[in-house]
Amino acid sequence: MKKHDNWDLTPVKVIQLGTLVDNLTVDPATGDILAGCHPNPMKLLIYNPEDPPGSEVLRIQDSLSDKPRVSTLYANNGSVLQGSTVASVYHKRMLIGTIFHKALYCDL
């Protein structure tokens with residue numbers, strides 16, 4: 001999105017990711033976009049502890065180019081982390097936050 005002086009926004013680029021994106025952050029060292037995602041959003045609405053919602057973190061590099069690169073930094077079926085909403089990196093370490101579960105800290 002592009003922010004104008006009057007605070008209006010206009011779309012600049014749309015990237016289809018095939019997952020429900022929750023929150024975006026920017027890696028301050030690289031400018032890459034990190035997305036906390038829900039691979040199966042229905043599992044958030046209809047919570048079943050026997051089949052919990054999974055977690056996913058995507059990295060988007062060169063987002064404004066003709067060929068942005070999307071890679072998966074983290075993916076889990078809910079056995080470790082449920083319902084990831086946001087991720088942040090600092091010095092090759094990542095912290096993933098969730099809606100109602102716990103946070104996960106890991107090295108990249």
Might you point out which heavy atoms bring [X] and [Y] nearest each other, and give the distance in Å?
X: A35; Y: C37; value: O-SG, 3.5 Å
X: H101; Y: Q82; value: ND1-N, 3.2 Å
X: L20; Y: P41; value: CD2-CB, 3.4 Å

Let me check something: do [X] and [Y] share a hydrophobic cluster, defined by ILVMFWY side-chain heavy atoms less than 4.5 Å apart, either directly or through other members?
X: L95; Y: V89; value: no
X: L24; Y: V70; value: yes
X: V57; Y: I99; value: no
X: L73; Y: I60; value: no
X: L58; Y: I33; value: yes

- S84 and H38 side chains, donor-acceptor separation under 3.5 Å: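 The criterion, which ignores hydrogens and geometry beyond distance, is not satisfied for S84 and H38.
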
If we ignore hydrogens and angles and just use 3.5 Å, is the side chain of [X] paired with the main-chain N or O of [Y] as donor and acceptor?
X: T85; Y: D22; value: no
X: T72; Y: Y74; value: no
X: T25; Y: A87; value: yes
X: K13; Y: S65; value: yes
X: N76; Y: V80; value: yes

- Salt-bridge test for D107 and K92: reply yes if a basic N is under 4.0 Å from a carboxylate O, no otherwise.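 Looking at D107 and K92, the cut-off is not met.
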
- Task: Determine, for K3 against D8, whether the closest basic-nitrogen to carboxylate-oxygen distance falls under 4.0 angstrom.
- Result: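 No, K3 and D8 are not salt-bridged.
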
- With side chain to side chain contact (heavy atoms under 4.5 Å, CB included) as the test, would you mind laying out the steps for V12 and M1 before giving the verdict? CA-CA 5 Å; V12 174; M1 302 296 276; 5.7 Å; no

- Message: Using 0.5 Å steps for rounding, measure from the CE atom of M94 to the SG atom of C106.
- Response: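 M94 CE to C106 SG: 3.5 Å, rounded to 0.5 Å.
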
- Hey, could you give me the CG/CD distance between D32 and Q61, rounded to the nearest 0.5 Å?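 One gets 4.5 Å once the value is rounded to the nearest 0.5 Å.
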
- Would you say D66 has more than 12 foreign heavy atoms packed within less than 6.0 Å of its CG?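 No, not enclosed.
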
- Return yes when atom OH of Y90 has more than 12 non-hydrogen atoms of other residues, nucleotides or ligands closer than 6.0 Å, and no otherwise.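 Atom OH in Y90 is not crowded, with 12 or fewer foreign heavy atoms closer than 6.0 Å.
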
- Any R93 side-chain heavy atom under 4.5 Å of Y105 side chain: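 When only atoms from C-beta onward are counted, Y105 and R93 do touch, with a gap below 4.5 Å.
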
- Find out whether Y47 and P53 are in side-chain contact, i.e. whether some heavy atom of one side chain is under 4.5 Å from a heavy atom of the other.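 A side-chain contact under 4.5 Å exists here.
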
- Message: Would S63 and I15 count as a side chain to side chain contact (heavy atoms under 4.5 Å, CB included) here? Give the steps.
- Response: CA-CA 8 Å; S63 61; I15 302 171; 4.2 Å; yes

- Item | Criterion side chain to side chain contact (heavy atoms under 4.5 Å, CB included) on L44 and M42, from CA distance to verdict | CA-CA 5 Å; L44 292 173; M42 288 305 294; over 6 Å; no

- Apply side chain to side chain contact (heavy atoms under 4.5 Å, CB included) to D62 and K67, showing your working. CA-CA 7 Å; D62 303 318; K67 294 187 178 185; over 6 Å; no

